[in-house]
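Each remark here refers to the structure printed beneath this line.
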Amino acid sequence: MEWHWLDVRSWEWISVFIILVVGLLLFFWASVWPRSNDAEWASRMQIIGNLGGGILSAGVISLALLAIQSSLQVTQNETTWRDSLASATSLAGFNPGRHSVRELTLTDKDLHDALLERKDLTGTYMNGSNLRGARLGWAILEHANLQGADLSTADLSHADLAGADLRSANLANATIWSVTSLKKAKVNAQTCWPRDTFRARKKLMADVEGFDAAGRRNGDVKGVEFPTCAKH
């Protein structure tokens, strides 16, 4: 009978579990078995107890080594995945699945229609990228670099953009009405906001940090609204 539904790593974990169970049973058997005045019997129980203890110790060591190997494999897989993204130009419909996207570099990528809802994108570099139609609802974009990014039709519902770099970003028709924070988000005169943003989200916009063309802070700079802003 061939068990194709379990891979090699799964069998390794099962084997270690069996070793632990066998060692525990032998040790427990020797510990709780009624005492006897028979020296030979007592010696046998002591041998069984020592054997169980040895097997149990070996199982614990094997478990620790297997956990370390698994951790290293996960790290290696994550590195390989990130390297593959770095070499790709088009990532339309990008879905990271269970991979971490914190501080990921996705500069100048085609990420239109990316599926990034509820993802932690803290510190991620997406400057210059095409994020039209990207689904970023409930995403954490704190300190993300979105400078020059095209977010013109992105869904940013309930997203956290605190500290994000939005200088020269195009949010012309993005869904931003329920954005939770823009505290210290960086903007400049080229940051393009949806129509009526300054009036409807006056309190939220008060938290952004404006920068002039020379890169100096300027509280009067907030960007411009669509359709006044130039199209990207």
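Bear in mind the structure is a predicted one, so any value in this text is a computation, not a measurement. In this chain, residues are counted from 1 in sequence order.
Between the CE atom of Met126 and the CG atom of Leu146 there is a distance of 4.5 Å, given to the nearest 0.5 Å. Considering CG of Asp120 and CD of Glu103, their distance stands at 9.5 Å, rounded to 0.5 Å. Going from atom NE2 of His158 over to atom CG of Leu156 covers 11.5 Å, rounded to the nearest 0.5 Å. Separation of atoms NE2 (His143) and CG (Leu161) is listed at 11.5 Å; rounding is to 0.5 Å.
Side-chain contact between Glu78 and His99: present, with at least one pair of heavy atoms (C-beta onward) separated by less than 4.5 Å. With a 4.5 Å cut-off on side-chain heavy atoms, Ser152 and Phe226 do not count as touching. No side-chain heavy atom of Ile176 sits under 4.5 Å from any side-chain heavy atom of Leu182.
The hydrophobic clustering, which links ILVMFWY residues whose side-chain heavy atoms are closer than 4.5 Å, places Phe17 and Leu24 apart. Note: the hydrophobic cluster containing Tyr125 does not contain Leu111 (ILVMFWY, side chain heavy atoms under 4.5 Å, direct or indirect links). A continuous path of ILVMFWY side-chain contacts below 4.5 Å connects Val101 to Leu151, so both sit in one hydrophobic cluster. Both Ile18 and Leu51 belong to a common hydrophobic cluster when Ile, Leu, Val, Met, Phe, Trp and Tyr are linked at side-chain heavy-atom distances under 4.5 angstrom. A chain of hydrophobic side-chain contacts below 4.5 Å, direct or via other Ile, Leu, Val, Met, Phe, Trp or Tyr residues, connects Val179 to Met205.
The two residues Lys119 and Gly97 come nearest to each other via the heavy atoms NZ-O, 2.6 Å. Nearest heavy-atom pair across Ser178 and Ser157 is OG-CA, 3.3 Å. The heavy-atom pair separating Val221 from Val187 by the smallest distance is O-CG2, 3.8 Å.
Ion pair Asp155/Arg135 not flagged as a salt bridge, since none of the NZ, NE, NH1 or NH2 atoms sits closer than 4.0 Å to an Asp/Glu carboxylate oxygen. Checked for salt-bridge contact, Lys186 and Asp165 miss the test: no charged N lies under 4.0 Å from a carboxylate O.
Looking only at atom types and distance, the side chain of Thr80 has no donor-acceptor partner in the side chain of Asp83 under 3.5 Å away. Under the 3.5 Å distance criterion, with hydrogens and angles disregarded, a donor-acceptor pair is assigned to the side chains of Thr107 and Asn127.
For the side chain to side chain contact (heavy atoms under 4.5 Å, CB included) criterion with Val22, the lone passing option out of Leu20, Ile19, Leu26 is Leu26.
Around atom CZ of Phe198, more than 12 heavy atoms belonging to other residues, nucleotides or ligands sit under 6.0 Å away.
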